[in-house]
Amino acid sequence: MTGLMQHAAKFVDLTEGRGTRVNVADTPILLVRQGDKVHAFSADCPHAGAPLEEGAVCNGRIVCPWHKGTFAIADGSVVEPPPLAGLKRYPVTVENGNVLVSPQEQAQASPPPLPTPDTRTMAVIGAGAAGAAACATLRGAGFNGRLLLIGREHGMPYDRTALSKFVLAGDMPREKIPPLLPDDFLSTQRIQRVEAEVMKLDAVEKRIGLQNELTLNYDAALICTGGIVKPMDVRGSNLRRVFTLRSRDDAATILESLDGLRKALIVGASFIGLEVASSLRKRGMDVTIVAPGKVPLGSQFGSELGRMFQRLHEKNGVVFRMESKVKAFLGDGVVREAELESGERLPAEVVIVGTGVRPATDFLKGVLLADDGGIPVDSSMQAAPGLYAAGDIAQFPLPRSDTTLRIEHWRVAQQHARVAALNMAGGNEHYTGVPYFWTYHFGKRFEYLGHASEHDEVVIDGDLDTQAFIAHLMKDGLVAAAVACDREAPTARLAEAMRSTLTLAQARSAAG
Ligand SMILES: Cc1cc2nc3c(=O)[nH]c(=O)nc-3n(C[C@H](O)[C@H](O)[C@H](O)COP(=O)(O)OP(=O)(O)OC[C@H]3O[C@@H](n4cnc5c(N)ncnc54)[C@H](O)[C@@H]3O)c2cc1C
């Protein structure tokens with residue numbers, strides 16, 4: 001083994017608090033110093049390839065700069081998603097102040113085998129963000145019984161967040177959308193993929209009814225069926241080329257219709273509406289956004305940040321009709337115009353409606369749903385005996401607050417799923433994570449950490465106009481959430497620090 005060891009760095013050149021990237025025999029390796037020890041891992045995040053040396057190292061964790069996934073320094077294993085696989089480890093030693101590393105990967109420790117094969121059946125319903133995370137976690141935790149992944153979309157779970165950012169922009173062909181799990185994951189991990197719609201889940205009988213009238217019994221189930229887009233209830237919303245966007249198939253249908261079209265109208269100035277605007281501008285289309293609020297995202301972030309998003313979009317040619325509502329779509333089978341409540345008519349050769357989703361839970365029997373259709377869970381993500389819920393549908397207790405709510409964020413869905421799956425496998429985990437969301441507009445990536453249902457002040461460090469800032473959303477003297485752009489390493493540190501409640505001074509000091 002020592003024969004393969006090669007000089008990688010001087011120990012004194014390694015700083016605690018961040019990793020250092022080196023190349024050993026053309027293998028990119030992240031060196032992480034912890035006291036007088038050094039660890040060596042693969043240097044890029046297995047989720048989306050972020051360079052991990054640009055993130056942070058704190059609380060015994062390596063934090064990814066892009067989507068804030070975390071890995072344990074001790075062994076590179078996943079602590080929090082979006083990564084669903086751990087980092088590769090490399091043998092490393094320190095001799096006479098020199099750090100020596102072998103580029104030959106160290107074998108991963110496998111979970112201890114269970115004493116007897118597990119005879120239970122676990123069902124994961126919904127093959128999206130949370131479903132993929134749950135399957136990876138259940139097998140990673142050593143559950144070796146029957147595992148079903150049921151979902152109505154075709155094929156492997158994929159990265160839905162790319163649809164509005166890259167697929168509609170023409171930057172990522174539909175068939176290149178990254179799958180969430182390796183291609184052979186289902187077969188190597190003995191996961192039975194059932195491509196079908198669940199019509200009924202009886203939580204008392206622990207029975208699932210599928211669209212083809214098949215029934216399946218389970219011992220424990222996780223429901224993670226995400227959102228169903230809310231269609232618009234106005235005249236003409238059934239005209240051709242009035243679309244919503246949730247799935248890969250929706251994106252394909254929209255793309256197929258765009259040839260030769262110039263004028264797009266987007267209803268809703270939420271993240272998805274704005275991302276679609278950014279993508280369609282990139283294709284050279286004229287884009288108008290119609291939305292009821294004073295500024296985009298004003299109810300989430302307040303007017304100052306909302307105006308910043310609006311200015312960025314306007315600088316790139318997007319036209320806004322804020323404080324406006326669509327009264328009808330007009331056309332002869334195909335949409336041609338939108339009529340606003342003010343009477344104004346706007347040309348619209350294609351319309352994308354981004355007015356939100358509702359929880360996909362109509363099939364659930366035996367559990368009392370929340371008013372909005374969400375599934376109430378406790379901090380272990382349990383809804384009823386043997387039944388868990390995760391992701392967009394879960395109404396969960398927000399850590400460090402007295403609020404229960406649903407949050408429609410990719411990483412939160414996967415955090416939930418990880419907690420639920422560990423509990424299904426016999427653990428005693430609770431959701432204590434920091435919510436995290438990212439969004440992408442005209443080449444700028446914005447991050448949102450924490451959750452502020454309401455805030456009383458926004459304190460901005462940096463410059464909104466050049467999109468280089470951290471904005472603290474304050475509530476009762478504490479940082480409830482932060483919005484940031486071009487501050488990836490500071491927000492990696494902040495994401496870790498926000499596991500405790502923070503004053504503004506503490507948040508600033510943590511971000512560094
Ligand atoms: C275009 C777009 C862009 C987004 N961008 C971002 C972003 O940048 N950052 C971010 O944090 N979040 C983003 N989101 C939100 C994020 O995708 C969701 O919060 C996340 O996917 C929720 O995960 P989930 O597992 O709960 O549901 P999903 O990922 O939606 O998966 C649910 C699955 O269950 C299936 N299903 C539903 N009902 C049934 C049934 N009865 N039977 C069988 N299967 C069923 C669905 O078809 C779906 O495949 C975006 C969403 C969209 C649509």
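Note that ligands are numbered from 1 as they come in the structure, with each ligand's atoms numbered from 1 the same way. What's counted below: heavy atoms across the whole structure, side chains too, no hydrogens, waters or symmetry copies.
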* To do: Using a 4.0 Å heavy-atom cut-off, say whether V412 meets ligand 1 through its side chain, its backbone, both or neither.
  => neither
* Check whether more than 12 heavy atoms from other residues, nucleotides or ligands sit under 6.0 Å from atom CG of D233, and answer yes or no. => no
* What is the nearest protein non-hydrogen atom to atom 42 (N) of ligand 1, stated with its residue, atom name and distance? -> V198 N, 2.8 Å
* Structure fact -> Ranked by distance from atom 3 (C) of ligand 1, the top protein heavy atom is S164 OG, 3.3 Å
* Below 3.5 angstrom, do we get any N/O pair linking R160 and ligand 1? -> yes
* To do: Just need the protein heavy atom nearest to atom 34 (O) of ligand 1, so name the residue and atom and give the distance.
  => G126 CA, 3.3 Å
* **N or O contact, A129 vs ligand 1, cut-off under 3.5 Å** => yes
* Run the side-chain contact (heavy atoms from CB on, under 4.5 Å) check on V287 and R283 step by step: do they pass? -> CA-CA 10 Å; V287 178; R283 302 182 78 91; over 6 Å; no
* Are any of the side-chain nitrogens in K263 or D286 under 4.0 Å away from the carboxylate oxygens of its partner? -> yes
* Plane angle bin for F446 and F309 - parallel if under 30°, tilted between 30 and 60°, otherwise perpendicular -> tilted
* Tell me which protein heavy atom sits closest to atom 47 (O) of ligand 1, plus the residue, atom name and distance to 0.1 Å. => R152 NE, 3.3 Å
* Asked: Judging by distance only, is a nitrogen or oxygen of D392 under 3.5 angstrom from one on ligand 1?
  -> yes
* Pull out every atom of ligand 1 sitting under 4.0 Å from any heavy atom of A196, numbered as shown with elements. => 43 (C)
* Structure fact -> Logged contact type for S247 with ligand 1, heavy-atom cut-off 4.0 Å, is neither
* Which residue, R190, Q192, M122, R120, forms the side-chain contact (heavy atoms from CB on, under 4.5 Å) with R146? -> Q192
* Asked: Heavy-atom count around E454 CD within 6.0 Å, excluding the residue itself: above 12?
  -> no
* **Atom CG of D183 with >12 non-hydrogen neighbours under 6.0 angstrom** => no
* What part of Y440 sits under 4.0 Å from ligand 1 if we count only heavy atoms: the side chain, the backbone, both or neither? -> neither
* Determine whether more than 12 heavy atoms belonging to other residues, nucleotides or ligands lie under 6.0 Å from atom CG of L368. => no
* Quick one: does ligand 1 sit under 4.0 Å from the side chain of M199, the backbone, both or neither, non-hydrogen atoms only? -> neither
* Structure fact -> atom 30 (O) of ligand 1 has as its nearest protein heavy atom R246 NH2, 2.7 Å
* Can you tell me if Y436 and E447 form a side-chain donor-acceptor pair at under 3.5 Å? -> yes
* **Nearest neighbour of atom 10 (C) of ligand 1 from the list Y158, F363, F437, on a heavy-atom basis** => F437
* State, without any angle test, whether S247 and D249 hold a side-chain donor-acceptor pair at a distance under 3.5 Å. => no
* Under 6.0 Å from the NZ atom of K200, do we count more than 12 heavy atoms belonging to anything else shown? -> no
* Structure fact -> Numbered in order shown, the ligand 1 atoms found under 4.0 Å of a heavy atom of G391 are 26 (O)
* Asked: At what distance is the nearest protein heavy atom to atom 39 (C) of ligand 1, and which residue and atom is it?
  -> T225 CG2, 3.5 Å
* Asked: Do Y388 and H416 pass the ring pair (Phe, Tyr, Trp, His ring centres under 6.0 Å) test, and can you show the C-alpha distance, the side-chain angles, and the key distance before you say yes or no?
  -> CA-CA 10 Å; Y388 295 78; H416 283 172; over 10 Å; no
* Structure fact -> Any heavy atom of A413 under 4.0 Å from ligand 1? The part involved is side chain
* What atoms in ligand 1 come closer than 4.0 Å to a heavy atom of E408? -> 15 (C), 19 (O)
* To do: For side chain to side chain donor-acceptor pair (under 3.5 Å), just list the numbers for E153 and Y158, CA-CA rounded to whole Å, side-chain angles, deciding distance to a tenth of an Å, and then say yes or no.
  => CA-CA 10 Å; E153 285 191 78; Y158 59 89; 2.4 Å; yes
* Structure fact -> Closest to atom 27 (O) of ligand 1 among protein heavy atoms sits G226 CA, 3.3 Å
* Asked: Is A133 near ligand 1, meaning one of its heavy atoms is under 4.0 Å from it?
  -> no
* Asked: Between the candidates W410, Y436, W438, F271, which shows the shortest non-hydrogen contact distance to atom 12 (N) of ligand 1?
  -> W410
* Asked: In ligand 1, which numbered atoms sit nearer than 4.0 Å to a non-hydrogen atom of E153?
  -> 47 (O), 48 (C), 49 (O)
* Asked: Counting from 1, what ligand 1 atoms have a heavy atom of A130 closer than 4.0 Å?
  -> 25 (O)
* Does the ring center of H441 lie less than 6.0 Å from the ring center of F271? -> no
* **ligand 1 contact by K165, heavy-atom criterion under 4.0 angstrom** => yes
* Check ligand 1 against G151 and write out every atom of the ligand that is under 4.0 Å from a heavy-atom position of the residue. => 43 (C), 44 (N)
* To do: Check whether more than 12 heavy atoms from other residues, nucleotides or ligands sit under 6.0 Å from atom CZ of R240, and answer yes or no.
  => no
* Determine, considering heavy atoms only, which of I407, I272, T161, L364 sits nearest to atom 51 (C) of ligand 1. => I272
